[in-house]
Each structure stands twice: as C-alpha cells, then as structure tokens.
Amino acid sequence: MTTIQPAISEQAVQVWDGRITMRVKVAGAGSPLLYLHPAAGLAWDPFLTHLAERYTVYAPEFPGTSVGDPYAIHQIDDLGDLVLLYEELVRKLGLVKPVVIGQSFGGMLACELAAHFPDLPSALVALDPIGLWTDEYPVANWIATPAGQLPALLFHNPDSPAAQAMLALPDDPERQRAAIAGLVWAFGCTGKFTWPIPDRGLRRRLHRISARTLIVWGRQDKLANVAYAGQFADAIAGSKVAIIDDSGHIPQVEKYDETVQAVGEFLG
Amino acid sequence: MKISLFAQAPYRYLPEDFEQHYESVCSVPYSLTTREGVYSSIRDFMDELMFGARSGFDALAVTEHGQSSYDMVPNPDLVAAALAYMTEAEGIDVAIFPMGRSLGKSREPLRAAEEYAMIDVMSGGRLVPGLVVGLSYDSSVNNGVPPMQVRQRFDENLELVLRAWTEQTPFAWNGKFSQYPMVNMWPRPLQSHLATWITGIGNPNTMKMCLERGFGFTYLSWFGAKLTGKRIFDRFWEIADQVGVSRNPYRLGFLQTVAVSETDEQAERDYAEHLEYGFRKGLGSIPMEKLGLPGGIDIRGVQALLKDPGDFGLYYQMKTATYRDLVDAGVVIAGSPATVRDQLRTFCREYGIGNLHAMLSFGSLPRHLVMKNIQLFSEEVLPHLRDLWTDTEHQHHWWPERLGGTPGTQHIPANTGSAVAR
C-alpha cells in the first residue's frame with residue numbers, strides 16, 4: 001500500500017502569547033504542507049506518509065490533544081481565536097504558501113483558515129469537511145455516538161482491514177484506557193467548536209477562499225452527506241470536487257489509492 | 001436530622017417493553033404518552049408532595065430534568081413555586097428545596113437567581129437553594145452547551161447567582177458566558193443568607209468546593225448506597241479533614257429510595273413491580289454516553305472511571321435489575337417500618353448524614369400506594385430518625401432560620417486562581 005514510514009520529528013511551538021505550546025509532527029522534504037487532523041486527534045497514517053514523499057508535512061496536534069497537556073484547550077474559547085491561533089502557528093513555523101489539507105473537523109478548520117486568510121495557502125484540499133448544515137442532510141452527532149457505533153458511522157465498510165487498523169486499541173489495559181480517554185478528550189476539545197451543531201457560519205465565509213481548492217468526499221459518507229461536496233464547491237469559486245466511490249467519511253483510509261490519486265492529480 | 005420528601009415526576013404509564021426499545025432521555029418518543037397519562041402523572045406528583053408537606057416532613061425536594069420520561073420537570077422552580085405558595089397559605093413550616101437548577105445548563109443564570117429569590121419570598125423565607133452542575137445529556141443535548149463548557153459555565157454562573165442574591169447595589173457582570181450591564185434583582189431573597197447546597201454524585205472536586213466554601217453537599221445515591229455509600233462518604237469526610245472543616249453531619253445530604261409497608265413481604269407485593277419499572281425504564285435506560293458526553297468529564301476523570309467504575313454501583317445492571325437486585329444493592333430500602341428505620345438509622349449514623357431525602361414515589365407506583373408509603377414513613381419511620389445527632393454539639397448551618405437552622409456562615413468566595421474548576 002505504501003512505503004516505509006518516514007522519520008518523524010516533533011516541534012514544539014509557543015503561540016498565543018506563550019500560553020499554548022503546539023506540538024507539530026514534521027516529516028518529509030519539499031515544499032510545505034500543513035495537515036489538520038480530524039476530531040479524534042492526530043494519527044500518522046499512510047496518507048501522511050505518502051504526502052511526505054513530496055512535501056514537508058507539518059501536522060499540528062489540536063490544543064488539548066497532545067499527551068500530557070490536556071488543559072491547553074481551556075485557553076481558547078471561540079472559533080475566531082482558534083483561526084488566529086493557527087495562522088500564528090503557520091507564521092511561527094515559517095511556512096510560506098503551504099498546501100493546506102484537512103480532514104473532517106480539520107477540513108472545516110482548513111476552510112476557515114483559507115477564508116480568513118485567503119493568501120495563506122497555495123492550495124486547499126478538504127476531505128469530507130464538516131462546517132455546513134442543511135436540515136435536509138443533518139450532520140450526524142459523532143460526539144454523542146456510542147463508541148460501539150462509531151465504526152459504522154465513519155466507514156462504508158467498517159470490517160475492512162484499513163478501518164480495523166485505524167480503530168485498533170492497544171492490548172495493554174493501562175495504555176488502552178489512556179487511548180480511550182485521549183479519544184474522548186479529543187472529541188471534547190474539538191467539540192468546543194462544533195457542539196451542538198457543527199455550523200459556526202462557515203457558509204457565509206467560503207466565498208472569501210481564493211486558493212485553488214479540491215473537495216474530496218466519500219460517496220457513502222454517513223456522518224456528513226456527500227451532497228455537501230456540491231455545496232462547498234458552489235460556494236468556493238473555481239473549486240474542484242472528487243467523489244470517492246465505496247467510501248465513507250474517511251476516504252484517505254478507506255480508499256487510499258483512489259484518494260491519493262485524486263489529491264495527487266489536483267496538486268500536480 | 002432533617003428529613004425531606006423527595007419526588008420526581010415520572011411518566012407512570014410506559015409500555016412494558018419500553019427499555020428494550022427506547023432511551024429514557026432526549027430521544028424518548030412523546031407518542032408513548034396520553035394526555036390523561038401526562039396530566040395524572042403531574043397532578044399526582046404535586047398532590048403527593050403536598051400530602052408530604054401536611055405529614056410533617058421537614059422539606060419538599062425536587063430536581064431538574066428536561067426531555068426525560070423519568071422526571072418530567074424541566075424547571076423545578078415551577079413546582080417549588082407552587083409548593084411555596086400552597087404551604088405558606090396553609091401555614092405549613094416546611095422547607096422548599098429545589099435540588100438543583102442546573103447552572104451548567106443554564107444560559108440565563110440571572111433567571112435562576114431571580115426564581116430562587118421569588119420562591120424565598122413566596123415561602124416567607126423557607127427556601128433551601130440547591131444548585132447542580134447538571135447531567136451531561138440535560139446540559140449538552142437538551143440545552144446545547146458544549147460538554148467541555150458545562151463545568152466552566154456552572155462555575156461562572158454560581159458566582160453570579162451568589163452575588164446577585166447578596167450584593168446591595170447594582171453591578172455590571174462581564175462574564176465569559178453571560179454579560180449583564182446592570183444586575184439589580186427585585187425581589188432579593190428574604191433570608192439574609194441563603195444556605196446553599198450543591199448536588200452531586202461523587203466528583204471529589206465538587207465535594208472539595210462545597211467543603212471549602214461552606215456549601216452543603218447532597219449525594220444522589222441512585223446507584224445503590226450499599227455499593228457506593230462507603231466509598232462516597234468516606235471520600236467526603238476525608239476531604240473534609242484535608243480542608244480542615246468539622247465533620248458536621250448537617251453539611252451532608254443523602255437521597256434514598258424507600259418503600260414502607262406493613263411487613264417486609266407486603267412491601268415486596270406493594271412495590272416490587274413499580275420499583276423495577278422505575279429503575280429499568282428510568283436510570284437504567286439512560287445510556288452511559290448520555291451521562292458523560294466527551295469533554296464533560298475531565299480526562300483524568302475518564303481514566304479513573306475506566307479503571308474503577310465503582311461509583312456507578314448497580315448502574316450497569318439497572319436495565320434488567322430485579323426487586324431483589326435493587327434491595328441488595330441498597331438502591332431501595334424496603335420493608336416494614338421497623339426494617340426501614342433500622343437500616344436508615346444505622347446507615348445515616350455510620351456515614352455522618354444529617355439530611356435524609358426520602359424518595360417515596362417511583363416509576364409506575366400509583367397514587368394510592370405513594371400516599372400509603374408517605375403516610376407509613378411519616379408516622380412510623382420519620383419520628384424514629386429525627387433525634388439522630390441531637391446528642392451532638394453540631395448546629396445546622398445549612399437550613400433556614402425560620403425552620404430552626406442557624407445559617408449565617410457566609411460563603412467563602414472562590415479563589416481567583418481556581419475560579420474555573422477543572
């Protein structure tokens with residue numbers, strides 16, 4: 001499926017007047033690429049490994065989701081501040097015109113960043129981003145979904161090896177508890193900006209995005225209906241859409257090859 | 001000891017197989033109800049509370065739960081207000097004890113402060129104000145508060161409520177969650193010091209706050225006091241020792257479901273099916289994720305609960321619990337008056353409990369059996385418990401003066417540094 005995992009280093013970047021230390025995983029070589037992870041937290045997966053073959057990938061951990069620093073989240077209360085914080089992070093990392101890729105919650109954040117700071121990204125890729133809401137297609141409340149029902153919500157085929165690998169928990173009870181608590185807390189941290197309805201007005205701001213944009217969506221996404229792909233595309237001038245067949249909410253995991261191909265063609 | 005009649009307002013006519021199909025909160029279909037069923041469930045609930053008032057209980061206590069079939073009380077202050085006026089008009093000296101406007105849920109905290117002030121005035125100074133963080137589903141699903149902000153909202157709202165009750169001159173409130181250019185409540189409470197209670201289920205941070213700041217602490221022992229009581233109450237008194245306050249039993253309240261009949265056997269015949277209904281279709285049908293939505297419990301708390309779920313007692317079996325399970329776990333104390341009073345007295349004595357909240361209606365229990373339970377309890381149990389702690393030096397500082405309490409300890413303000421409890 002992919003090559004060997006690259007060497008991943010970690011940078012700690014002080015932002016928000018020193019009140020938050022953002023931990024950023026960095027790997028690869030080439031022009032910069034900022035990856036914004038979904039609500040469950042950052043997991044280095046084959047998709048990121050693939051990106052690191054062509055780019056220097058910068059993958060920050062959302063405030064509060066870094067191991068040992070859970071209360072960083074209490075420093076940030078509203079979406080406007082959150083977007084400023086990420087813009088500050090990009091500057092402090094010294095990233096000039098990075099490609100910005102975000103998945104789900106990270107996709108929403110990527111769109112917000114590109115809408116607030118249109119000149120920041122060289123290109124924008126959003127994988128099944130949340131952030132829009134129409135009553136016709138209510139976005140599922142993943143935060144309130146019992147753990148046992150999450151696989152069926154996230155994957156078209158939750159029994160597939162890729163899905164199973166993503167959901168696997170450590171065998172050691174202590175590490176297992178830490179992993180579950182970490183996942184629950186990550187949902188809570190990101191939930192500050194999505195609960196109770198994951199719509200903080202992004203639709204009103206999408207028109208400001210001027211970067212080249214690709215919207216990728218799993219055709220069978222049960223968390224956020226594929227109809228939203230068209231809504232994003234309609235609101236972002238010149239944007240392109242790639243629909244991935246036989247895929248749920250996380251196409252880069254469930255349909256890795258097809259997603260990598262679509263993203264690769266777009267980025268050129 | 002002070003002894004309250006505690007009541008919730010369950011819908012009493014749910015289908016037999018309810019718990020196999022539905023949750024009791026948030027999504028529970030209203031199509032399961034009838035107009036008559038809703039009316040009689042609420043009417044009987046009010047009548048039963050008033051019967052308790054006339055039967056010599058020290059307080060009437062109710063709780064807040066929105067979008068719930070097991071307690072149709074979206075705002076306890078509506079019930080408390082009706083009871084305040086009724087009891088005042090009848091000249092009954094009973095405390096009115098709403099056990100929790102949920103301040104983690106409230107988006108209008110000043111309204112909560114105003115309601116309590118009104119109830120205190122309407123009752124002539126008989127309000128015992130309870131405040132509560134609030135259950136996860138109620139704050140976050142029913143009222144849309146992000147789970148991670150429930151506790152912070154409670155902390156901020158609590159400061160506003162306490163200040164609005166007592167500050168003599170108008171003030172501006174610039175909070176994170178609410179802003180008011182001028183706070184100047186009319187009316188203020190009649191009582192110059194409202195002895196405030198916080199309701200909880202065992203979070204040590206909540207206990208510590210109560211002990212440090214002079215609030216009473218009410219433990220709602222839904223999960224079976226025989227399973228959870230020792231660990232919860234030992235924890236409370238150990239924290240009291242750490243904080244350096246006296247082990248005054250009057251600062252601690254304990255809720256217990258009680259079912260009294262002529263004999264132990266008759267108690268089972270009278271109450272078993274209704275207790276099973278109550279706990280299977282009520283608490284047992286609240287799924288765990290609705291009790292602790294992600295972000296609502298501190299990450300360290302999540303890890304602690306995963307490692308040791310003991311505070312949740314019988315909860316995990318509640319959906320299929322039998323009468324015997326409920327009795328064995330202490331979810332209910334049932335039997336003849338002698339059985340019940342012996343167990344209650346022993347338990348309260350052992351754990352230093354100075355306020356007992358007896359829940360005498362539950363589930364589908366019909367009106368006549370609720371009245372029987374209240375009457376037997378008030379005549380044959382309550383008089384045997386009241387003298388508990390009278391042989392000690394302890395004063396009840398958490399009870400209205402008009403009703404024999406000696407309030408006056410001002411609440412200690414939160415430290416600035418820990419204003420946002422985590």
Side-chain angles (χ1 to χ4, degrees), chain A residues 38-41 62-79 81-82 105 133 138 140-150 153 169-170 172-200, chain B residues 23 25-27 66-67 104-105 107 135-153 155-156 174-179 205 285-309 316 319 417-422:
Chain A
F62 193 80
T65 68
S66 295
V67 172
D69 189 18
Y71 304 130
I73 186 60
H74 296 314
Q75 298 293 333
I76 294 284
D77 288 315
D78 60 54
L79 181 66
D81 286 355
L82 182 67
F105 172 78
W133 177 281
N141 188 339
W142 68 93
I143 299 174
T145 300
Q149 291 171 27
L150 274 176
L153 179 66
L169 283 171
D172 171 60
E174 192 69 37
R175 290 179 56 220
Q176 193 176 89
R177 283 194 291 270
I180 293 170
L183 173 68
V184 166
W185 190 248
F187 273 14
C189 292
T190 49
K192 265 179 106 165
F193 309 93
T194 61
W195 185 281
I197 302 284
D199 175 357
R200 291 289 195 275
Chain B
E23 298 177 358
V25 297
C26 302
S27 61
Q67 307 200 128
K105 173 185 179 182
R107 293 174 181 276
L135 284 174
S136 203
Y137 78 82
D138 202 19
S139 304
S140 295
V141 179
N142 296 346
N143 215 36
V145 175
M148 194 166 272
Q149 291 183 335
V150 170
R151 181 76 199 203
Q152 293 177 355
R153 195 178 276 268
D155 290 335
E156 178 181 310
N174 179 21
K176 191 200 291 189
F177 301 108
S178 62
Q179 294 179 315
N205 293 331
S285 293
I286 309 177
M288 185 42 113
E289 70 272 6
K290 293 281 194 323
L291 291 177
L293 287 159
I297 304 176
D298 186 280
I299 185 168
R300 287 171 305 187
V302 174
Q303 278 179 289
L305 285 174
L306 288 168
K307 192 167 186 175
D308 174 11
Y316 299 97
K319 206 170 185 169
S418 63
V420 177
R422 305 223 162 102

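Below, chain A is the first sequence line, B the second, and so on; all start at residue 1. Treat the numbers as computed from the prediction; the structure is a model and nothing was measured. No hydrogens, no waters, no symmetry mates; every other heavy atom, side chains included, goes into these values.
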Q: Decide side-chain contact (heavy atoms from CB on, under 4.5 Å) for F187(A) and T65(A); before the verdict, give the C-alpha distance in whole Å, the side-chain angles of both, and the deciding distance to 0.1 Å.
A: CA-CA 9 Å; F187(A) 273 14; T65(A) 68; over 6 Å; no

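Only the side chain of P70(A) comes within less than 4.5 Å of a heavy atom of chain B; its backbone N, CA, C and O stay farther away. Contacts between V141(B) and chain A at a heavy-atom distance below 4.5 Å involve backbone atoms as well as side-chain atoms. Both the backbone and the side chain of A178(A) come within less than 4.5 Å of a heavy atom in chain B. For Q149(B), the part lying under 4.5 angstrom from a heavy atom of chain A is the side chain only. In this structure, no portion of L305(B) lies under 4.5 Å from any heavy atom of chain A.
Note on T194(A), I73(A), D77(A): by heavy-atom pairs under 4.5 Å with chain B, the leading option is D77(A). Your options are L306(B), I299(B), V302(B), and the one with the most heavy-atom pairs under 4.5 Å with chain A is I299(B). Between chain A and the residues M288(B), E289(B), K290(B), the most heavy-atom pairs under 4.5 angstrom are made by E289(B).
With contacts defined as side-chain heavy-atom distances shorter than 4.5 Å, the pair M148(B)/W195(A) does not qualify. Residues N142(B) and C26(B) meet the side-chain proximity criterion, which asks for heavy atoms closer than 4.5 Å.
When all heavy atoms of L293(B) and S140(B) are compared, the closest pair comes out as CD1-CB, 3.7 Å.
Residue pairs satisfying the side-chain hydrogen bond (donor to acceptor under 3.5 Å, both in side chains) criterion with at least one member in residues 172-183 of chain A, sequence neighbours excluded, are listed as follows: E174(A)-R177(A).
In this view, L153(A) and A140(A), W142(A), T145(A), L150(A), K222(A), L223(A) satisfy the side-chain contact (heavy atoms from CB on, under 4.5 Å) rule, not counting sequence neighbours.
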